[in-house]
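Okay, structure first, notes after.
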2 protein chains.
Amino acid sequence: MAQHIVIVEDDAVTRKRLAASLRKQMYRVSEAENAGQMEEVIARDPADLLLVDINMEGKDGLTITREQRAASKVGIILLTSRDDQIDRIIGLEMGADDYVTKPFDRRELFARIKNLLARISELSEVRQKVEPVAQVGGWTLDHLRRRLVDESGTIEPLTRAEFELLHAFFRHPGVILSRDRLLDLIQHRQWDPDNRTIDVLVGRLRKKIETNPSNPDWIITVHGEGYLFAPPDI
Amino acid sequence: MAQHIVIVEDDAVTRKRLAASLRKQMYRVSEAENAGQMEEVIARDPADLLLVDINMEGKDGLTITREQRAASKVGIILLTSRDDQIDRIIGLEMGADDYVTKPFDRRELFARIKNLLARISELSEVRQKVEPVAQVGGWTLDHLRRRLVDESGTIEPLTRAEFELLHAFFRHPGVILSRDRLLDLIQHRQWDPDNRTIDVLVGRLRKKIETNPSNPDWIITVHGEGYLFAPPDI
DNA sequence: CATCCCTTTTTACATTCTTTTACAAGTTCG
DNA sequence: CGAACTTGTAAAAGAATGTAAAAAGGGATG
């Protein structure tokens with residue numbers, strides 16, 4: 001799901017303009033005009049990144065930074081005015097990750113946002129130890145290099161779509177999978193009745209793995225329902 | 001080899017005058033009029049010492065200090081104006097090694113430079129030994145010298161961009177990285193759909209590290225998504 | 001400062017991959 | 001059996017990638 005950015009800024013014009021352009025970049029954006037609103041928002045939907053104006057009525061940006069940093073590892077970028085160097089430094093010492101000076105350059109701000117979000121998601125990225133290979137029948141699917149190896153070690157290269165589809169089959173042996181489900185498994189895409197992508201891909205996979213593609217042993221057609229991956233050894 | 005000093009100063013007069021007199025003292029001197037230029041310079045040829053003006057358009061001296069200090073143990077001397085005591089103090093807190101106030105006395109500055117460089121070179125032997133090299137498969141990526149060494153010890157020189165890209169790959173093995181992300185990792189640059197820089201660089205890297213560049217084992221293309229670094233031993 | 005050399009980026013075109021289209025062939029069920 | 005529907009598949013269209021070569025930078029040198 002899209003990453004969640006919360007803008008905390010009491011000037012409505014700046015806030016809304018910023019929110020609009022961030023939404024255009026496909027971020028999920030919430031707006032708060034003060035610390036209280038922000039807390040409500042993130043209680044409901046935790047933020048990945050806070051964009052906080054340093055000068056606000058009530059609880060200011062530095063206080064927010066200190067409090068949030070103590071509570072979580074959310075990314076924090078401060079919006080400061082150009083001449084407020086001291087605030088900037090203190091902000092960083094309090095745990096903000098970055099700052100931009102107002103009036104800010106859009107592209108610079110966006111670059112910093114993207115950058116920080118990437119760093120953050122890297123940290124939380126639990127390196128899921130994927131099994132490097134899956135063996136079925138005589139075939140070995142090399143997950144790491146996304147290719148297929150036969151018993152003798154010969155490499156059968158797969159395109160991205162072929163690999164994704166075969167991978168989906170390997171994960172669901174002996175189960176009938178609808179075209180809809182398969183399309184979802186390989187690319188999170190919506191299926192519509194005259195989408196023939198899966199059929200074409202099945203045809204190509206059969207050419208690569210079946211002894212006799214027109215009389216398949218591995219990928220079986222189930223008329224009206226979908227396809228069934230039927231490896232010999234399950 | 002002579003020690004490398006980088007002057008980061010946007011006033012050309014001050015900068016060039018300083019550079020000239022430092023060159024007379026047999027230092028290797030590079031000039032940068034802003035943070036971007038500085039980064040390019042030290043990417044190509046790491047600095048022993050940065051001389052940074054604290055007041056500059058764009059990224060200022062304090063920011064540079066913070067960033068560089070986080071990345072390395074390079075020596076940093078700040079050039080401050082006489083009345084900016086706060087900046088000086090903050091600068092030192094952020095990790096600058098020393099500062100001089102403008103207008104500065106030549107002999108004083110040179111004394112401080114000599115002093116700091118001496119302290120650094122004392123450390124540098126130790127630092128070189130612990131300087132990390134990354135080993136993956138049969139390759140060793142030498143961070144210090146920015147080059148690649150194979151199992152037999154043969155050196156494969158890399159250009160700056162090639163090194164940065166390979167370094168990014170080394171840091172993210174087994175993960176699909178989009179072109180956007182890669183460009184960000186190697187130079188904090190915005191990606192646009194018809195930027196082919198990454199593709200070209202991947203092509204060049206493949207020529208250097210793949211047995212068969214048109215059938216790569218290490219850097220795998222994932223159509224529509226990006227590239228995947230697949231070392232044999234993760 | 002002009003010039004050279006090396007690196008990086010852009011451009012242009014060839015190639016490959018994905019999806020769609022079109023029609024042939026197969027299946028179901030009255 | 002035959003109409004209605006589903007599947008197989010070649011081939012076209014549309015995108016993305018590979019890559020040589022031109023253009024643009026950038027630093028070094030005289």
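Just so it is clear: chains get the letters A, B, ... in the order the sequence lines come, proteins before strands, and each one is counted from 1. Quick caveat, the model's predicted, so the values are computed rather than measured.
Remark: A:Asn212 pairs with A:Ser214 by the side-chain hydrogen bond (donor to acceptor under 3.5 Å, both in side chains) rule, at least two apart or across chains. In this view, A:Val29 and A:Ile7, A:Ala19, A:Leu22, A:Arg23, A:Tyr27 satisfy the side chain to side chain contact (heavy atoms under 4.5 Å, CB included) rule, not counting sequence neighbours. Partners of B:Arg15 under the side-chain hydrogen bond (donor to acceptor under 3.5 Å, both in side chains) rule, at least two apart in sequence or in another chain, are B:Glu31. In this view, B:Arg196 and B:Asp199 satisfy the salt bridge (Lys or Arg N to Asp or Glu O under 4.0 Å) rule, not counting sequence neighbours. With sequence neighbours excluded, the residues that form a ring pair (Phe, Tyr, Trp, His ring centres under 6.0 Å) with A:Phe169 are A:Phe229. With sequence neighbours left out, the side-chain hydrogen bond (donor to acceptor under 3.5 Å, both in side chains) criterion links B:Asp11 to B:Thr14. Residues meeting the side-chain hydrogen bond (donor to acceptor under 3.5 Å, both in side chains) test with B:Asp150, sequence neighbours left out: B:Ser152.
Rounded to an integer number of Å, the gap from CD1 of A:Ile220 to P of D:dT7 is 14 Å. Atom P of nucleotide D:dT9 and atom CG of A:Asn215 are separated by 11 Å, given to the nearest angstrom. Regarding A:Leu166, its CG atom lies at a distance of 13 Å from the P atom of C:dT18, rounded to whole Å. Across the protein-nucleic acid pair, A:Leu165 atom CG and C:dT18 atom P stand 11 Å apart, rounded to whole Å. Summarising the geometry, the separation between CD1 on B:Ile198 and P on C:dT9 is reported as 8 Å, rounded to the nearest angstrom. To the nearest angstrom, C1' of C:dT7 lies 13 Å from CD1 of B:Ile186. Look at CD on B:Glu164: it is 11 Å from P on C:dT9, rounded to the nearest Å. For the pair A:Leu182 CG and C:dT19 P, the interatomic distance rounds to 13 Å; values are reported in whole Å.
Two end axes, each from the C1' atoms of five base pairs, can be drawn for the helix from C:dC1-D:dG30 to C:dG30-D:dC1; they diverge by 10°, to 10 degrees.
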Exercise for the section: Would you give a per-nucleotide map of nucleotides 12-30 of chain D, 5' to 3', where B means the base has a protein non-hydrogen atom under 4.0 Å away, S means only the sugar-phosphate does, and - means neither? Expected result: ----SBBBB----------

Run the side-chain donor-acceptor check on residues 157-164 of chain A: report pairs under 3.5 Å with partners two or more places apart or on a different chain.
{"from": "A:Thr159", "atom 1": "OG1", "to": "A:Glu162", "atom 2": "N", "distance (Å)": "3.4"}
{"from": "A:Arg160", "atom 1": "NH1", "to": "B:His223", "atom 2": "O", "distance (Å)": "2.9"}
{"from": "A:Glu162", "atom 1": "OE1", "to": "A:Thr159", "atom 2": "N", "distance (Å)": "3.0"}
{"from": "A:Glu162", "atom 1": "OE1", "to": "A:Lys208", "atom 2": "NZ", "distance (Å)": "2.8"}
{"from": "A:Glu164", "atom 1": "OE2", "to": "A:Arg146", "atom 2": "NH2", "distance (Å)": "2.9"}

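OP1 or OP2 of C:dT10 has at least one side-chain nitrogen or oxygen of B:Asn195 nearer than 4.0 Å.
Under the salt bridge (Lys or Arg N to Asp or Glu O under 4.0 Å) criterion, no residue pair touches residues 215-227 of chain A, with sequence neighbours excluded.
B:Val74 approaches B:Ala47 most closely through the heavy-atom pair CG2-O, 3.5 Å.
Contacts between residues 155-162 of chain A and DNA chain D, defined by a heavy-atom separation under 4.0 Å, are absent.
For A:Arg145 and A:Asp142, the salt-bridge test passes: some basic side-chain N is under 4.0 Å from an acidic carboxylate O.
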